[in-house]
Every structure is written in structure tokens, then in C-alpha cells.
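Note sheet for the following structure.
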Amino acid sequence: MDPVTRHTGVGVPLRRSDVDTDQIIPAVYLKRVSRTGFEDGLFSGWRQDPSFVLNQPAYSSGSVLVAGPDFGTGSSREHAVWALKDYGFRAVLSSRFADIFRGNAGKQGLVAGQLAQEDVELIWKQLEARPGTEVTVDLRERVVLCADLVAPLQIDDYTRWRLLEGLDDVGLTLRDVGAIDAFEEQRPAWKPRTLLER
Amino acid sequence: MGRTLAEKVWDEHVVRRGGDGEPDLLYIDLHLLHEVTSPQAFEGLRLEGRTLRRRDLTIATEDHNTPTLDIDKPIADPTSRTQIETLRRNCAEFGVRLHPLGDAEQGIVHVVGPQLGLTQPGMTVVCGDSHTSTHGAFGALAMGIGTSEVEHVLATQTLPLTRPRTMAVTVEGELPEGATAKDVILAVIARIGTGGGQGYVLEYRGSAIRALSMEARMTICNMSIEAGARAGMVAPDETTFAYLQGRDHAPTGEDWDAAVAHWRTLATDEDAEFDAEVVVDAAELQPFVTWGTNPGQGLPLSGAVPDPDSMEESQAAAARRALEYMDLVPGTPLRDIAVDAVFIGSCTNGRIEDLRAAAEVVRGQRKADGVRVLVVPGSARVRLQAEAEGLDRVFTDFGAEWRFAGCSMCLGMNPDQLAPGERAASTSNRNFEGRQGKGGRTHLVSPLVAAATAVRGTLSAPVDLEAPQPLVPA
């Protein structure tokens, strides 16, 4: 994973709450076995509406999505994160994220940054008044910048550290393989096994 | 101070305690796989030259993409077929036990695990599927994960996780006739909202929960994710032990005694404190239906479509959009809403008790004209059991379609879908826009309400049905 420290790009105002992962990418796009190429599925239900924000030229090259509360609810599909990244988004900002989405984003180098809802509203106003305005997400300083606004960015320390360092989780865990071995030694024998030869 | 059920299970699985803001590394007792969220995880293992750490704690089934008709023929959709074939190849290569389409143990991953007895109290269970919360009904800590985490578990049998907060959802009293587990959870989600459980593990407790069967508890835990929760749990008790004893993978003999003795220690201590609590009076619950496009937008069936103008600003915009999508007018009694389809099935309500309940409602009746009724067992075992009890005949005599097991119309990934503009009463778990097919409209309901709706053609409860009419010979 490439390290993420600071990103500046066109902000896209998505004035909707409860953007569930079925809206981010419908199930029909989940049949692929590859890890890339999901951009065509991103918000595909809504993109058929010409007035949808990503269909407006000023926003179509956006890379910072600014959404309403409860973003990423529903299905655990990591394809939602892949679709946002494949489209070109590097950060999503919202006042509240669903847990699984936030976790998936952190593992794929997509910043899921939490802002106060007042700050989201201020950014929306700015992005709508001046389409094409850029938003800066600064992980090192933990701030979001948009025109004159300097908004505190909330992200948990561990995810921020991993993003800044570009660390691979599996590699990190395997450093503790001795602890895993030791744990397995003391698991009760009656715990179930899936294989029939018991 | 005492600990909650969730905290006890958590503590028993810590491989390495995270310092200062770092997550704990948790051991995973059971990893369930299906075809949709696993291919990229196996590919990741291959690319890094890593191996599967514990194939004996891993099991796979085919469910999301599988058709529920003509299961002996090749899958028609080439992308679905590729995904299924990829799972089969991956399981063969890494030595994972797989229950493919046509196998007697195939079915929805969250129906299969419990019925095999693989889901047991005090375990950590994960799956690349948000409805993994279902397994919490056994007092397991069961969580949906993303594909990167699936890969992590395959490689290490652990996951780095941040300790969640705990919320008690206390349901005291006796459920009135006609109110079911589905109505309990829909009412809870309507109360706390789709984000209300965010960051929490919910523990369902109270006399109404204790009185529920294991399958009903699974229905409730299943939809914890719809309240935004990380997981949902019920403390194991005699009902749990009775369900487990004798199942394929349940311990036996001395192991059984040791296991039960341990499971009895898991219940939340008297002096434990939850970070939050919600109290629900069971006696006030009624059949519940959703009117909108998220599972929190629900009301008792006796109500009417709400008016966004009378809502708080924060809710009104979403409600307006939902009503536009659902093509509903404020003030319309919910019982007047006519449906095109009824779906009985899914990991929420596709178990044998759900099918029995629905069958009792429709027995001896004919479905409403023009309504398509799909009955889809959650697993091949459930289907066999239902057929042994003659339920398939009850449904087909009623005019319903009796299908093979799978996720079916819960999500638009297989041939069972709503057409644009079609409206369904569905026993599934999500009423998101397009969830059951592009442009489809979903009302989430219990099996009882689904069955009564199939009889009358409008959203209904069994109480709305007149005395059964004798069948007119065709």
C-alpha cells in the first residue's frame, strides 16, 4: 500500500445521508473476481440521473467525496472502497461512517475522515457555490482545508499511522506469529473444527 | 467490576493486547467463506506467497450467486459461473471444505454454520458478509469483515480489532400474538436508527429474548448490522445448549460437559456495566413494516405512510427521497399498499420455523391474483426438512414457487430479482434502493406478515385474514 500523507483534489458534495454500500456499488457488479476495474459500478443507480453530482463536469474529476452522515452502511463489500478508489477518490469525508466501511477504507489506502456535521455543511456550501473548489485532506496535521475553512479531521491513531506509513496488515501481524502459535497451544480441545477427520 | 458477555468473549481471544490506541489482535475460531468476497483474498495470498493457516477452522458454501431453479444445470450467467468456479478452484487449491450447489449441506452461509453445530457459544466467528452478526445468537462474537480482512484471517487466523463499546438492548415482557422476532428487531432499528449501534456490540437481553427459540434469536442478531452495530449477541442458556447438542460439530461426552460448564460462565455479570442501554416493552410491539429505503424507516403495520413535513429537518430530506423512490403518498394506510411480489427466505428468515410459520398462514388458501410468491429455504437441509413436513405442498397448493436454497431475492446477484417499479413484501433484511433488483421497492416484514400479504395482496397481518375458504378444485 502506498503511503498517504496529504491529498488535494476537487471536492464533490454528496448531499445524502445513509449512503449504503448497495448505492455505492450494486450487487450486480460484485461478480468479478478481480480487484480493479470497479469504477463503472460506482453509484451506478444514481449516475443515470443527469443531475447527479458526478455527472456535472465541474465535479466529475473529483477526488474528495464529502457526504452526509452514516456513509457506507449495509453490506460489508470492500468493492465499495475499490469502486471509489478506481473512480479516482482518495478521501471520503462524513460526520459518521459505518464501522465495516471505515475499516475497509483504511486497509485500502482510502481516507475515511470524520468531520463535524457543521463543517460538512460549510464545505458543501463552498463546493456548491464554487464547483471545482479543491479540498485538502492533511493526515499529518489532521485537518481538512477548503477555501478559508480549517476543519479538524478525526481519524483513529492506528489507521492514521498505517496510512502514513503505507503498512500492510498481514505483514504486521505475521511479526507476531510466535504469539499466535502460543495462543493456539492453549485453545480448548473441544473447540469445533470444520474438517470431518477429528 | 464485572464484565459483559461481549467483553468476556473478547478477552478470551486476545493474542496480543494493543498498546496505546492500537487494536488488539484477536484469534478467530471460525472463518466462513462464500464466493463473492473471497476471490480477491485468495488472490492476495497467492501474490504474496502466503498459505492458509487453519483450514480446519475454515468452511465455504455457495449462496449469493446461485440460482434457485435448475440447479443441476450450468449457471447461465457467465460472471456468476466464473465466481462460483473460482471459489471451487480456491477451495481445492487451499484444502478448504466446500459445500457446493447441489450438496446436502449447501445454503446461505449463516444458516449452514449454525445447523452444522459449528457456531458455538463464546467463539469468535467472521465472514466476509455483514450478516455474520447472525451467529451472535449463540453468544458468539460474530462480525462481518471486508475482503482485506478475509485475506488477513486466511493468512493468520487473527484480526486486529478495536475493542467495541457495549449496548444492552433489553426487551422485557411477553410478545403479543402476531409479534415476532422480526418485529422486535425492526422496532429496535426504527428506535435507534441505522447509525445508533455504530461502534457497539449489542447484547439482546430480557425476558422476551430469553423466551425466544434459537432461530428467532438468529433473526434478531442477524439485523444488528442494520442498526450499524459491529455485532449482536444473546447470552447462551438452556435453549442454546438444547439446540446444539447432537449436531455434527457439537462436542460430545466429556468434551460436551466441559464446554457447557464454560459456556455457563459467559453470561454478563450482575455488576457489569454497559456503555449504553435501550429498553423495549415487548407488550407494545406489533407487526412492523418498513416504508422507506433504509431499515430504520419502519412503523407498525397499523400506521400510515409518514409525512416528511412533520419530521425533523435531519430526517425529512431522506424521507422525501425515500417516498419518491418507493412511490408512496404520505397518509396512506400501510395496509392499503399493494405488492407485486412476496419473498419468504434469506439469512434473516429462511429457517424451518420461518417456513412453518408462513405455511400455517397460507395453508388451505390461494395467493392473491397477480402476486408472485417466492419461498426459498435458507439451506438445502431446511428444504429437505420442510419437504419432510409437507410444507412444500402447502406452498405450491397456495400458488407459491418452491425453490432451492440460496440468498435468492434478498440481493440482486442471482436470477431472482424484482423488475423496475415492482414492489415486494420481503422477509429479508435490507430495503435499500435497488437491493432486490434495479428499481425494485422493498417492504421488510416478518414471515407472518409476508404470508398474510401474499393472501390479500396488500400489506397484511394474519389477523386480517378471514376464515380460510375451501380450496376450489382446479
Side-chain angles (χ1 to χ4, degrees), chain A residues 15-18 20-23 26-28 30-35 45-46 68-70 73-79 81-82 96-101 103-104 107-108 156-158 161 168-174 176-177 179-180 182-184 187-196 198, chain B residues 15-16 21-23 25 27 29-30 36-37 39-40 43 48 50 55-59 65 79-80 82-83 86 97 117-118 120 128-130 144-149 151-152 155-158 160 162 194-195 198-199 228 230 249 251 255 258-259 294 318 411-413 430 432-435 438:
Chain A
R15 272 192 189 264
R16 299 194 189 218
S17 60
D18 279 291
D20 59 74
T21 54
D22 273 80
Q23 305 316 314
V28 66
L30 271 49
K31 298 180 182 183
R32 298 172 185 165
V33 294
S34 63
R35 205 156 191 159
W46 294 342
D70 293 315
T73 54
S75 156
S76 64
R77 57 189 70 165
E78 196 161 304
H79 311 65
V81 172
W82 303 337
R96 196 159 60 187
F97 288 94
D99 287 329
I100 302 178
F101 177 86
N104 288 343
K107 296 192 190 310
Q108 289 297 316
D156 70 271
D157 292 343
Y158 182 72
W161 170 69
D168 159 41
D169 256 5
V170 179
L172 276 176
T173 298
L174 287 175
D176 279 325
V177 72
I180 302 172
F183 185 91
E184 285 180 336
R187 288 179 79 234
W190 45 260
K191 289 256 184 178
R193 290 165 188 247
T194 55
L195 299 179
L196 292 168
R198 288 209 279 176
Chain B
V15 171
R16 179 182 44 67
E22 277 184 36
L25 188 65
Y27 198 80
D29 288 320
L30 179 65
V36 181
T37 54
Q40 294 87 354
E43 186 62 17
E48 297 291 331
R50 288 171 175 148
R55 63 188 199 94
D56 60 337
L57 304 183
T58 310
I59 187 168
N65 273 274
T79 50
S80 288
T82 301
Q83 204 165 54
T86 303
R97 171 175 168 192
L118 280 168
Q120 297 175 14
D129 189 284
S130 58
I145 58 177
T147 296
S148 291
E149 292 171 308
E151 181 179 337
H152 194 284
T156 71
Q157 203 59 33
T158 65
T162 309
T194 54
Q198 203 232 306
R230 205 74 185 83
H249 291 271
D255 280 347
N294 76 55
L411 85 172
M413 274 200 92
R430 290 192 173 133
F432 298 155
E433 290 180 24
R435 170 78 179 183
K438 199 168 175 181

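Convention: sequence-line order gives letters A, B, ...; per-chain numbering from 1.
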What residue in [options] has the most heavy-atom pairs under 4.5 Å with chain A?
options                                   : result
Gly434(B), Ala258(B), Ala318(B)           : Ala258(B)
Met413(B), Gln157(B), Arg16(B)            : Met413(B)
Thr37(B), Ile145(B), Thr82(B)             : Ile145(B)
Asp255(B), Thr162(B), Thr79(B), Thr147(B) : Thr147(B)
Glu22(B), Arg97(B), Glu48(B)              : Arg97(B)

Is it the backbone or the side chain of [X] that comes under 4.5 Å from a heavy atom of chain A, or both, or neither?
X         : value
Asp29(B)  : both
Thr158(B) : side chain
Arg435(B) : both
Arg230(B) : both

Over all atoms of both residues, closest heavy-atom pair of [X] and [Y]:
X         : Y         : value
Gly199(B) : Asp99(A)  : N-OD2, 2.8 Å
Pro192(A) : Leu57(B)  : O-CD2, 3.6 Å
Gly412(B) : Ala27(A)  : O-CB, 3.9 Å
Ser75(A)  : Arg430(B) : N-NH1, 3.1 Å

Worksheet item: Given a strict heavy-atom distance threshold of 4.5 Å, which part of Trp161(A) is in contact with chain B: side chain, backbone, both, or neither?
Response: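 No part of it gets close to chain B.
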Worksheet entry | chain B contact via Thr21(A) - side chain, backbone, both or neither, heavy atoms under 4.5 Å |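 Looking at Thr21(A), nothing touches chain B.
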[X] [atom1] to [Y] [atom2] distance, which is reported to the nearest 0.5 Å:
X         : Y         : atom1 : atom2 : value
Phe97(A)  : Gln198(B) : CZ    : CD    : 9.5 Å
Leu25(B)  : Ile180(A) : CG    : CD1   : 5.5 Å
Thr156(B) : Asp169(A) : OG1   : CG    : 9.0 Å

Hey, are the side chains of [X] and [Y] touching, using non-hydrogen atoms and a 4.5 Å cut-off?
X         : Y         : result
Ile100(A) : Ser130(B) : yes
Thr194(A) : Leu118(B) : yes
Glu149(B) : Asn104(A) : yes

Worksheet item: Any chance the side chains of Thr86(B) and Arg32(A) put a donor and an acceptor closer than 3.5 Å?
Response: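 No donor-acceptor contact under 3.5 Å links the two side chains.
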Is a side-chain donor or acceptor of [X] paired with a backbone partner of [Y] at a separation under 3.5 angstrom?
X         : Y        : value
Gln83(B)  : Leu30(A) : yes
Glu433(B) : Gln23(A) : no
Gln40(B)  : Arg35(A) : no

Top of [options] for chain B proximity - count of heavy-atom pairs under 4.5 angstrom:
options                                  : value
Leu172(A), Asp176(A), Leu174(A)          : Asp176(A)
Ser17(A), Gly74(A), Ala179(A)            : Gly74(A)
Val177(A), Thr173(A), Val28(A), Asp70(A) : Thr173(A)

Item to complete: Name all residues meeting the side-chain hydrogen bond (donor to acceptor under 3.5 Å, both in side chains) criterion together with Lys438(B); count only those two or more places apart in sequence or in a different chain, and write none if there are none.
Response: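 side-chain hydrogen bond (donor to acceptor under 3.5 Å, both in side chains) list for Lys438(B), sorted by chain: empty.
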Discussion item. I'd like to check the salt bridge (Lys or Arg N to Asp or Glu O under 4.0 Å) partners of Asp156(A); sequence neighbours left out, ordered by chain and number.
Written reply: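 Once residues adjacent in sequence are excluded, Asp156(A) has no partner under the salt bridge (Lys or Arg N to Asp or Glu O under 4.0 Å) criterion.
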Worksheet entry | Test: Arg187(A) and Asp56(B) ion pair at under 4.0 Å |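 Result for this pair is no, no salt bridge flagged.
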